[in-house]
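No hydrogens, no waters, no symmetry mates; every other heavy atom, side chains included, goes into these values. Residue numbers count from 1 along this sequence. One-based numbering, in listed order, for ligands and for the atoms of each.
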Amino acid sequence: MKAVIPAAGHGTRFLPVTRVIPKEMLPIGPRPALELIVGEAKEAGADEIVMVISRGKELIRRYFEDDPAIRFVLQEEQKGLGHAVLQAADAVGGDGKFLVLLGDALVAGASASAELVAMSAAHGGAGVIGLERVPKEKVSRYGIVKMDGDRIVDMVEKPSPESAPSDLAVAGRYLLDAAVFDMLRTQAPGKGGEIQLTDAIRRLLAEKPVCGCAYSGKRQDIGSPKGYFEALKAMGENE
Ligand code: G1P
């Protein structure tokens, strides 16, 4: 199985340090956060990892260049998460399922990816999306899903609290059929004028079943100083 780690964002919420240090390379103890995410992917069964980086993130390449399991692809323009994942299409290939682990989402206390893989083995279908419950006033920061049992029947990127179909948010981990690349290739820009992974998955789940998995670990958003401090605390408690 392959895994894609999008790590091409500019880290604007964590300036000025992200002018020279990618947010994914901030240390959690002796290791950069990204190494913990790579570890999660490998533990879940990924034997090849595709990192999507942008210019200015050479530090990531330098740190991981001796790891034979890791390949790098460049996202030349910042056109959204869906566009970033699409850059990995050739490296992933057209068959089977692959993991997506967002490079700024650390999960403490459990392997979210392994839980997604286990759920996929039990349910089949075209994918499993990691979910978490969020306060209603924060739904506009996330992809929000509508469920029917274990199945996701609809999803919308960053809705207003009034229009959100639930308070269940997409939480940084995905297991997706490679068919999603076909959707991404023709995906029109959505929220914020960006090519959204959420919109492509919405088209995928209209054709084939996609499950939701409220994984047991706690996600930390290390893209902001507050989330980073919380991640340090949570990871410290698990040492
Ligand atoms: C991305 C996704 C969103 C998801 C979020 C957290 O948004 O587009 O659907 O809920 O990650 O995993 P971003 O935080 O990059 O704006």
Side-chain angles (χ1 to χ4, degrees), residues 3-14 18 22-24 33-34 36-37 40-41 51-54 57 75 77-88 99-108 110 112-113 115-116 127-147 152 154-161 163-176 180 183-184 187-205 210 212-215 217-228 230-231:
V4 176
I5 305 184
H10 287 329
T12 46
R13 289 178 298 151
F14 221 135
T18 45
K23 58 185 172 182
E24 299 85 358
L34 192 50
L36 303 179
I37 296 175
E40 180 190 321
M51 274 187 198
V52 185
I53 58 172
S54 51
K57 296 192 119 174
Q75 185 189 22
E77 294 168 277
Q78 302 289 300
K79 288 189 181 172
L81 178 59
H83 181 259
V85 171
L86 180 57
Q87 307 313 301
L99 282 165
V100 178
L101 300 89
L102 300 193
D104 59 5
L106 258 187
V107 180
S113 297
E115 290 182 30
L116 266 56
V128 181
I129 314 296
L131 301 175
E132 71 183 28
R133 220 169 269 286
V134 297
K136 195 81 187 170
E137 68 273 14
K138 291 190 178 159
V139 289
S140 59
R141 299 185 190 177
Y142 300 96
I144 301 293
V145 301
K146 182 177 179 186
M147 303 288 292
I152 298 177
D154 200 4
M155 61 200 291
V156 47
E157 182 68 10
K158 303 193 171 82
S160 66
S163 64
S166 75
D167 59 354
L168 275 172
V170 175
R173 296 293 184 270
Y174 311 73
L175 182 67
L176 294 169
V180 77
M183 317 294 178
L184 285 170
Q187 188 58 54
K191 193 84 189 181
E194 298 190 331
I195 298 173
Q196 297 291 350
L197 183 57
T198 297
D199 294 341
I201 298 171
R202 183 168 191 260
R203 287 163 66 204
L204 186 67
L205 64 83
V210 172
C213 171
Y215 57 74
K218 172 100 180 74
R219 182 187 61 94
Q220 310 288 349
D221 171 14
I222 57 157
S224 74
K226 184 169 178 284
Y228 174 63
E230 278 165 17

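Protein heavy atom at the shortest distance from atom 9 (O) of ligand 1 is Glu157 OE1, 2.7 Å.
Inter-residue side-chain proximity for Tyr174 and Val85 is flagged as unmet; no heavy-atom pair is nearer than 4.5 Å.
For ligand 1, the atoms lying closer than 4.0 Å to a non-hydrogen atom of Ala171 are 12 (O). Proximity to Gly172 (heavy-atom distance under 4.0 Å) selects the following atoms of ligand 1: 12 (O). Less than 4.0 angstrom separates some heavy atom of Leu102 from each of these atoms of ligand 1: 11 (O), 12 (O).
Within the structure, every pair that satisfies the salt bridge (Lys or Arg N to Asp or Glu O under 4.0 Å) test and touches residues 133-145, not counting sequence neighbours, is listed here: Arg133-Asp167.
Considering backbone and side-chain atoms together, Tyr142 places no N or O closer than 3.5 Å to any N or O of ligand 1. Not a single N or O atom of Arg219, backbone or side chain, sits closer than 3.5 Å to an N or O atom of ligand 1.
Thr18 places no side-chain N or O within 3.5 Å of a backbone atom of Lys23 that could act as its donor or acceptor partner. In this structure a side-chain-to-backbone donor-acceptor pair under 3.5 Å is present from Gln78 to Ala8.
Taking the charged nitrogens against the carboxylate oxygens, Glu40 and Arg173 do have a contact shorter than 4.0 Å, which makes a salt bridge.
Using modelled atom types, one finds a donor on one side chain and an acceptor on the other under 3.5 Å when comparing Arg203 with Gln187.
In this structure, atom 14 (O) of ligand 1 has its sub-4.0 angstrom surroundings free of protein heavy atoms.
Heavy atoms of Lys158 found under 4.0 angstrom from ligand 1 belong exclusively to the side chain.
Within the set Val170, Thr198, Asp199, Asp104, the minimum heavy-atom distance to atom 10 (O) of ligand 1 is found for Val170.
Within 6.0 Å of CZ in Arg219 there are more than 12 heavy atoms belonging to other residues, nucleotides or ligands.
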